[in-house]
Amino acid sequence: MLKSHGCGELRGEHAGQRVTLAGWVHRRRDHGGLIFIDLRDSTGLVQVVFHPEEAAEATAVASDVRAEFVLQVRGDVVARKAGTENPDLPTGAIELQAGEATVLNASETPPFPINSDTEVGEAVRLRYRYLDLRRERMSENLRLRHRIVKFIRDFMDDRGFLEIETPVLGLATPEGARDYLVPSRVHPGSFYALPQSPQQWKQLLMVAGVDRYFQIARCYRDEDLRGDRQPEFTQLDVEMAFVEEEDVLVLTEDLYASMAREFASERSIPSPFPRITFAEAMERWGSDKPDLRYGMEIADLSNDVRGTEFQVFSRAIEQGGRVRAIAVPGGTDTARREVDRLVDMAKEQGAKGLVWVQFLAAGDGASDRLEGLTEEDVRSPVGRFFTPEQLGELGTACGARRGDMLLIAADRDAVTSKVLDVLRRHVADAQGLASPDEMAFAFITETPMFEFDEDEERWSAVHHLFTAPWEEDLGLLEQDPGSVRSHAYDIICNGQELASGSIRTHRRDVLERVLHTLGIGLEEARLKFGHMLEAFTYGAPPHGGIAPGLDRTVALFAGERDIREVIAFPKTKSATDLVMNAPAPVTAKQLREVHIELDDEAEEALEDRAAPTVERPSEAWGAAE
RNA sequence: GGCCCCGUAGUGUAGCGGCCUAACACGCCACCCUGUCACGGUGGAGAUCGGCGGUUCGAAUCCGCUCGGGGUCGCCA
């Protein structure tokens with residue numbers, strides 16, 4: 001080894017020892033004689049002192065060294081002189097008196113500072129990801145991710161789960177996301193698909209008699225990206241045989257509660273995790289993944305406004321919709337411009353409009369209840385349709401006080417839910433209502449089995465087609481698919497879905513009826529799912545599972561908003577890798593081998609293909625090899 | 001695929017028709033400084049404003065296209 005200790009490991013008790021360290025020059029403080037260097041490696045930082053009188057050669061080396069040079073130093077660990085300790089540093093009680101120093105490698109000045117957490121543009125960070133990962137925040141995220149993965153492996157192992165790898169080269173699936181395809185050289189015209197998840201493999205493992213399976217599995221989806229979506233991401237894939245919904249939920253709660261204790265002991269979690277049905281979540285928050293850290297629940301005002309002459313409300317109700325609202329605390333202070341913005345946001349979500357009512361704050365000491373309101377106490381575009389008392393009653397129904405603002409939407413439930421959910425989250429964000437010290441876990445259960453796809457005019461599976469419908473709803477499968485409940489469930493936290501799973505249909509007859517409802521004919525089913533249908537005829541055990549998103553889970557514990565911050569080498573929004581510059585064209589020979597021909601669009605795109613925007617000084621260097 | 005935002009020295013920002021011969025901070029280079037730890041001091045180098053085209057007497061500033069990054073809706077679980 002080129003070093004005897006990690007830089008960050010040294011403590012007072014090491015004083016007097018002779019050690020060898022190796023690491024990067026984090027920062028250099030040259031006093032024109034005496035030189036201090038903060039040496040950094042994966043374990044942390046330590047201060048190295050170079051005394052010109054005691055180690056002239058080493059000091060000469062130190063004076064030529066620059067940021068990010070790789071340096072090896074041999075010397076004595078000494079307690080710092082009284083008054084020169086640094087309490088901000090774990091190693092601040094001691095320092096290394098350099099005896100010898102060797103430059104193991106020089107470094108160009110990095111494109112952005114490694115030794116400070118200055119904000120740097122995404123593109124530059126991704127282009128030089130290996131340098132970005134050297135920075136404290138990123139290296140801590142990598143470390144946390146490792147600890148979480150290790151924790152999960154130990155946790156699953158303790159409970160008798162077997163980690164089994166499944167193929168990456170598989171079969172394209174007709175349902176769900178777009179597949180990444182891999183052309184076959186040996187079978188001209190045929191393609192593998194990268195797995196969107198190991199869903200079918202893990203169910204086959206259940207048929208194989210593996211009672212308890214898990215895998216830290218990479219999944220691939222060729223869809224447009226977001227801050228919380230990458231083309232390749234990682235799931236903790238879990239499946240169990242001979243279980244019911246309750247068993248999976250209990251395991252999942254145990255896992256997340258344990259992780260929260262281990263990695264976020266300072267944050268509060270609910271115990272037990274609330275169970276909320278899908279229908280209740282939509283009713284109270286308009287979302288299947290509500291942020292439960294704050295209130296502003298949706299109230300149904302339909303009965304209060306049923307007979308109103310304000311047609312926006314009455315007509316919406318006549319047409320089968322409802323009038324629903326949330327009360328924004330302190331919303332009366334909202335500037336007119338911001339209120340207009342809320343109206344625009346509502347329209348973007350498909351609402352025809354948004355009615356708002358502001359209840360002006362009462363004078364000092366007066367009650368803030370919505371009683372005895374006068375014209376002056378209320379501000380609203382629909383003021384002339386309602387008396388102040390009527391508006392006050394609407395407000396009271398929403399739990400509003402004086403000073404608050406009602407946001408009222410009138411439409412089909414699908415629209416009002418979506419609109420009020422977006423507004424609720426927006427307002428909470430703007431007002432900082434969500435406490436960072438809270439992790440509001442909850443399960444969402446009784447998810448509908450199907451939803452109607454308006455575009456394709458057919459039913460599609462909300463979770464996926466192997467999900468088991470409720471036994472008591474089986475009769476509705478053909479007549480009223482929309483009201484069939486399923487044994488699909490999600491675990492959510494702070495407005496994010498962390499995992500979803502289900503009890504599967506292990507019976508072939510039920511699976512065939514589900515396929516029928518989805519409009520997948522027997523012939524097509526045999527072609528795409530024949531292996532599953534077949535496997536289920538050989539004594540498939542009842543089984544079910546769940547698949548937590550690992551990236552989101554780590555991001556949650558790391559306090560990161562964006563899963564890119566917890567992935568070592570993420571891709572940009574356009575699914576490119578800025579480090580390697582992938583994807584890239586391949587040679588004509590490679591294309592011929594896999595029997596692929598480019599169309600005109602592809603040829604044109606290759607001609608216009610932009611040179612890398614960021615200069616690559618190292619390219620000439622690489623080309624010489 | 002639609003809509004929106006951004007693109008100025010190495011990094012982060014300012015400038016938003018002529019005052020820009022492009023400013024500031026950090027970084028970088030040189031010199032000075034023996035106890036600092038975001039060390040300090042003095043001096044200096046460094047961008048023609050992502051690219052292309054247009055408007056204008058005049059463009060970093062306005063317009064169009066394009067490339068790249070990001071957000072959002074669709075898509076995706």
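All chains are named by letter (A, B, ...) in the order of the sequence lines, taking the proteins before the strands, and each is independently numbered beginning at 1. It should be emphasised that the depicted structure is a prediction, and the values quoted were computed from it without experimental measurement.
Remark: R221(A) does not engage E232(A) in a salt bridge, criterion side-chain N to carboxylate O under 4.0 Å. Residues E239(A) and R504(A) are paired through a salt bridge, judged by an N-O separation under 4.0 Å between the basic side chain and the carboxylate. A salt bridge is absent between R341(A) and D344(A); no separation between the charged side-chain nitrogens and carboxylate oxygens falls under 4.0 Å. Comment: D117(A) does not engage R135(A) in a salt bridge, judged by the lack of any side-chain N to carboxylate O separation of less than 4.0 angstrom. With respect to D551(A) and R564(A), no salt bridge is recorded, no charged nitrogen being found less than 4.0 Å from a carboxylate O. For the pair D490(A) and K289(A), the salt-bridge criterion is not met [side-chain N within less than 4.0 Å of a carboxylate O]. A salt bridge links E223(A) with R178(A): the closest approach of a Lys/Arg side-chain nitrogen to an acidic carboxylate oxygen falls below 4.0 angstrom. Between E122(A) and R125(A) there is a salt bridge, since a side-chain N of the basic residue sits under 4.0 Å from a carboxylate O of the acidic one.
By the neighbour-count criterion of 12 heavy atoms within 6.0 Å, atom CD of E451(A) is densely surrounded, having more than that number from other residues, nucleotides or ligands.
Atom pair L126(A):CG and rG70(B):C1' shows a separation of 11 Å (rounding to whole Å applied). Remark: P of rU11(B) and CG of D117(A) are 17 Å apart, rounded to the nearest angstrom. The distance between atom CG of L45(A) and atom C1' of rA38(B), rounded to the nearest whole Å, is 13 Å. With rounding to whole Å, Q230(A) atom CD is found 13 Å from rG70(B) atom C1'. Between the CG atom of D577(A) and the P atom of rG69(B) there is a distance of 11 Å, given to the nearest Å. Atoms CZ (R561(A)) and C1' (rG70(B)) sit 14 Å apart, rounded to a whole Å. If you measure from atom CD1 of I114(A) to atom P of rG12(B), you get 13 Å, rounded to the nearest angstrom.
rA22(B) sits 26 Å from rA30(B) when the P atoms are compared, rounded to a whole Å. For the P atoms, the distance from rG50(B) to rG35(B) is 46 Å, rounded to whole Å. Taking atom C1' on both rA9(B) and rA25(B), the two are 13 Å apart, rounded to the nearest angstrom. Spacing of P atoms, rC19(B) relative to rG43(B), comes out at 28 Å, to the nearest Å. Taking atom P on both rG74(B) and rU55(B), the two are 42 Å apart, rounded to the nearest angstrom. Comparing the C1' positions of rC62(B) and rC49(B) gives an interatomic distance of 15 Å, to the nearest angstrom. Distance check on atom P: rU61(B) versus rG17(B) gives 11 Å, rounded to whole Å. Spacing of C1' atoms, rG10(B) relative to rG27(B), comes out at 7 Å, to the nearest Å.
Checking rC28(B) for Watson-Crick or G-U wobble geometry (two distances, each under 3.5 Å) identifies rG44(B) as its partner.
Nucleic acid contact class of R125(A) (heavy atoms, under 4.0 Å, all strands): none. Using a 4.0 Å heavy-atom criterion, one finds that Q47(A) contacts the bases of the nucleic acid, with or without backbone contacts as well.
Taking side-chain N and O atoms only, R127(A) has no distance below 4.0 Å to OP1 or OP2 of rG68(B). Distances shown here put a side-chain N or O of T572(A) below 4.0 Å from the OP1 or OP2 atom of rG69(B). OP1 and OP2 of rC37(B) both lie 4.0 Å or more from every side-chain N or O belonging to T84(A). When the side-chain nitrogen and oxygen atoms of T576(A) are compared with OP1 and OP2 of rG69(B), one or more of them lie within a distance under 4.0 Å.
At a cut-off of 3.5 angstrom, the base of rG35(B) holds at least one donor-acceptor pair with the side chain of E95(A).
Scanning for salt bridge (Lys or Arg N to Asp or Glu O under 4.0 Å) contacts around E68(A) gives R40(A), R134(A), with sequence neighbours left out. For H463(A), the ring pair (Phe, Tyr, Trp, His ring centres under 6.0 Å) criterion is met by no residue, not counting sequence neighbours. Remark: T118(A) engages S116(A) in a side chain to side chain donor-acceptor pair (under 3.5 Å) (not counting sequence neighbours).
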For each nucleotide in nucleotides 72-77 of chain B, reading 5' to 3', give B when a protein heavy atom comes within less than 4.0 Å of its base, S when such contact involves only the sugar-phosphate, and - otherwise. BBBBBB
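Although no hydrogens or angles enter the test, the distance criterion places a donor-acceptor pair under 3.5 Å between the side chain of T59(A) and the main chain of A55(A).
Comparing P52(A) and T109(A) against RNA chain B, the residue whose closest nucleotide sits nearer the 5' end is T109(A). The 5' end of RNA chain B is approached more closely, in terms of each residue's nearest nucleotide, by D88(A) than by the other of E122(A) and D88(A).
Within residues 27-38 of chain A, the residues approaching RNA chain B are R27(A), R29(A), D30(A), H31(A), G32(A), L34(A), F36(A), D38(A), by heavy-atom distance under 4.0 Å. A heavy atom closer than 4.0 Å to some atom of RNA chain B occurs in R66(A), R80(A), K81(A), these being the qualifying members of residues 65-81 of chain A.
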